[in-house]
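Quick notes on the structure that follows.
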Amino acid sequence: MDDKREPDDYKCQREAMVDRQIRARGVEDPRVLEAIGTVPRHLFVPDAHRTRSYDDTPLPTAEGQTISQPYIVAWMTELLRLKGNEVVLEIGAGSGYQAAILCLLARFVYTVERIGTLAESARRRLEGLGLTNFEVVVGDGTRGLPEHSPYQGIMVTAGAPRVPPLLLEQLADGGRLVIPVGSTTLQVLTVIEKNGDEMITSEEGSCVFVPLVGKDGWERER
Ligand code: SAH
């Protein structure tokens with residue numbers, strides 16, 4: 001990935017972030033730690049908040065949306081258990097930061113975003129980093145993206161009222177879906193693994209995401 005223009009200062013901040021916010025909280029997968037240590041998060045944060053890019057917090061992006069807290073990105077990514085050869089679907093491209101991490105850990109990443117302007121700037125950021133194994137699609141991700149299914153990993157980065165059935169349908173056998181499920185103000189990070197006809201569900205902990213808005217999500221943003 002092309003990060004030649006990066007000041008050393010950001011690199012130091014990013015290393016500290018990985019140590020103190022992510023490794024310290026129990027994320028162990030070395031590939032995940034390396035990807036988070038590589039992607040220049042400050043390029044995904046709006047100018048007004050750039051100096052806080054490596055802080056232990058989510059940050060506002062355009063259109064009233066957010067870029068998730070670094071630890072949450074790492075935690076959710078680890079839960080997908082990617083080895084490198086997977087085709088992954090993300091719902092909620094937002095800034096594109098989570099997608100950039102996934103691009104380093106999987107073979108190909110489709111990321112769906114309902115807001116066209118966000119999708120466009122996410123695509124430009126990912127291209128700007130020299131990444132080529134992704135496609136940003138504008139649409140309602142509660143329907144998934146059937147044309148490229150099945151996916152070995154699906155990650156939803158917005159809070160859902162329930163698990164959209166079409167996402168389960170588009171999950172490959174042995175694949176994992178990571179999704180925050182709950183109310184608009186608090187969700188439980190839920191993992192569903194597909195094993196033949198069986199779905200194995202585990203609840204990993206609480207989290208707070210902006211609402212998943214769409215046919216199989218919430219009707220509106222709040
Ligand atoms: N993954 C992002 C953060 C996501 S914030 C990042 O790394 O920056 C949640 C995003 O989900 C928002 O951009 C919101 O517009 C989008 N979203 C909400 N409902 C959606 C839906 N039904 N389909 C696609 N995107 C959706």
Side-chain angles (χ1 to χ4, degrees), residues 17 22 32 35-36 38-46 49-50 52-55 57-77 79-80 88-106 109-126 128-129 131 134-146 148 151 153-167 170 177-182 184-185 187 189 207-222:
M17 172 187 87
I22 296 173
V32 173
I36 306 252
T38 303
V39 174
R41 180 171 162 93
H42 57 280
L43 300 183
F44 293 84
V45 170
H49 303 286
R50 181 125 325 134
R52 302 177 61 208
S53 298
Y54 295 96
D55 288 5
T57 180
L59 290 168
T61 58
E63 310 279 355
Q65 304 300 325
T66 55
I67 170 170
S68 309
Q69 181 187 5
Y71 166 66
I72 299 287
V73 172
W75 181 33
M76 290 178 80
T77 307
L79 287 169
L80 278 184
V88 171
L89 175 66
E90 180 195 21
I91 308 302
S95 70
Y97 176 69
Q98 173 74 70
I101 303 286
L102 293 172
C103 281
L104 297 187
L105 296 171
V109 178
Y110 293 96
T111 181
V112 182
E113 170 56 54
R114 65 182 272 268
I115 301 176
T117 50
L118 291 181
E120 179 52 28
S121 49
R123 190 180 60 71
R124 266 190 277 110
R125 290 191 186 101
L126 295 166
L129 291 176
L131 295 166
F134 71 91
E135 193 178 313
V136 183
V137 178
V138 179
D140 175 9
T142 66
R143 326 296 306 271
L145 194 62
H148 301 292
Y151 304 97
I154 302 180
M155 182 190 287
V156 180
T157 62
R162 58 189 165 274
V163 178
L166 289 172
L167 294 185
Q170 293 167 35
L177 165 65
V178 176
I179 178 169
V181 183
T184 52
T185 51
Q187 303 95 34
L189 191 58
C207 53
V208 179
F209 279 84
V210 297
L212 180 73
V213 178
K215 181 141 193 310
D216 251 319
W218 299 100
E219 259 175 51
R220 58 178 80 87
E221 288 192 27
R222 52 202 95 245

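All ligand and atom numbering here is 1-based and tracks the order in the structure. When reading the values below, keep in mind they use all heavy atoms of this one structure, side chains included, and skip hydrogens, waters and symmetry mates. Quick note: residue numbers are just sequence positions, from 1.
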Trace of the side-chain contact (heavy atoms from CB on, under 4.5 Å) decision for Val39 with Phe44: CA-CA 10 Å; Val39 174; Phe44 293 84; 3.8 Å; yes
task: Carefully, step by step, assess Leu105 and Thr77 under the rule side-chain contact (heavy atoms from CB on, under 4.5 Å).
output: CA-CA 9 Å; Leu105 296 171; Thr77 307; 3.4 Å; yes
message: Quick one, Val156 with Leu177, criterion side-chain contact (heavy atoms from CB on, under 4.5 Å). Give me CA distance, side-chain angles, the key distance, then yes/no.
response: CA-CA 8 Å; Val156 180; Leu177 165 65; 4.2 Å; yes
task: Apply side-chain contact (heavy atoms from CB on, under 4.5 Å) to the pair Trp75 and Ile22, showing each step before the final yes or no.
output: CA-CA 8 Å; Trp75 181 33; Ile22 296 173; over 6 Å; no
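When each atom of ligand 1 is checked for a heavy atom of Val210 under 4.0 Å away, the hits are 5 (S), 9 (C). Close contacts between ligand 1 and Thr142 involve ligand atoms 22 (N) [criterion: under 4.0 Å to a heavy atom]. Those atoms of ligand 1 that come under 4.0 Å of a heavy atom in Ile67, given as number and element, are 8 (O). Contact atoms of ligand 1 toward Leu118: 13 (O) (distance under 4.0 Å to a heavy atom of the residue). Contact atoms of ligand 1 toward Glu90: 1 (N) (distance under 4.0 Å to a heavy atom of the residue). Near Gly92, the atoms of ligand 1 lying under 4.0 angstrom from a non-hydrogen atom of the residue are 1 (N), 2 (C), 4 (C), 10 (C), 11 (O), 16 (C), 25 (N).
Atom OG1 in Thr38 sits 11.0 Å away from atom CG in Leu129 (nearest 0.5 Å). Here the CD-CG distance, from Glu113 to Leu118, works out to 5.0 Å after rounding to the nearest 0.5 Å. Residue Ile91 holds its CD1 atom at 11.0 Å from CE of Met155, rounded to the nearest 0.5 Å. Expressed to the nearest 0.5 Å, how far OH of Tyr71 lies from SG of Cys207 amounts to 10.5 Å. Distance check, rounded to the nearest 0.5 Å: CG of Leu189 to CD1 of Ile72 gives 7.5 Å.
Between Glu113 and ligand 1, at least one N/O pair is under 3.5 Å apart. For ligand 1, the polar-atom distance check finds an N/O of Gly141 within less than 3.5 Å of one of the ligand's N/O atoms. Backbone and side-chain nitrogen or oxygen atoms of Leu212 are examined, and none is located within less than 3.5 angstrom of a nitrogen or oxygen of ligand 1.
Taking 4.0 Å as the cut-off, Gly139 counts as a neighbour of ligand 1 on heavy-atom distance. Residue contact annotation: Ala99 has no non-hydrogen atom under 4.0 Å from ligand 1.
With no hydrogens or angles considered, no side-chain donor-acceptor pair links Asp55 and Thr57 at under 3.5 Å. Donor-acceptor pairing under 3.5 Å is lacking for the side chains of Thr111 and Gln98.
Taking the ring axis of Tyr97 as reference, the NZ or CZ atom of Arg41 stays within 45° of it and closer than 6.0 Å to the ring centre.
Looking only at protein heavy atoms, the nearest one to atom 18 (C) of ligand 1 is Pro211 O, 3.6 Å. Nearest protein heavy-atom contact of atom 12 (C) of ligand 1 is Gln65 OE1, 3.3 Å. What sits closest to atom 26 (C) of ligand 1 on the protein, heavy atoms only, is Arg114 CG, 3.7 Å. When hydrogens are left out, the protein atom nearest atom 7 (O) of ligand 1 is Gln98 N, 3.0 Å; that is the closest non-hydrogen contact. Nearest to atom 3 (C) of ligand 1 among the protein's heavy atoms is Thr66 O, 3.3 Å. The closest protein non-hydrogen atom to atom 22 (N) of ligand 1 is Val213 O, 2.7 Å.
Note on ring orientation: taking the six-membered ring where Trp is involved, the planes of Tyr110 and His148 are parallel (angle under 30°, cut-offs 30° and 60°).
At a 4.0 Å heavy-atom cut-off, ligand 1 does not touch Val73 at all. At a heavy-atom cutoff of 4.0 Å, ligand 1 is contacted by no atom of Glu63, backbone or side chain. Heavy atoms of Ala93 found under 4.0 angstrom from ligand 1 belong exclusively to the backbone. Under 4.0 Å from ligand 1, the heavy atoms of Ile115 that appear belong solely to its side chain.
With distances taken over non-hydrogen atoms, the option nearest atom 8 (O) of ligand 1 out of Gly94, Ser95, Gly64 is Ser95.
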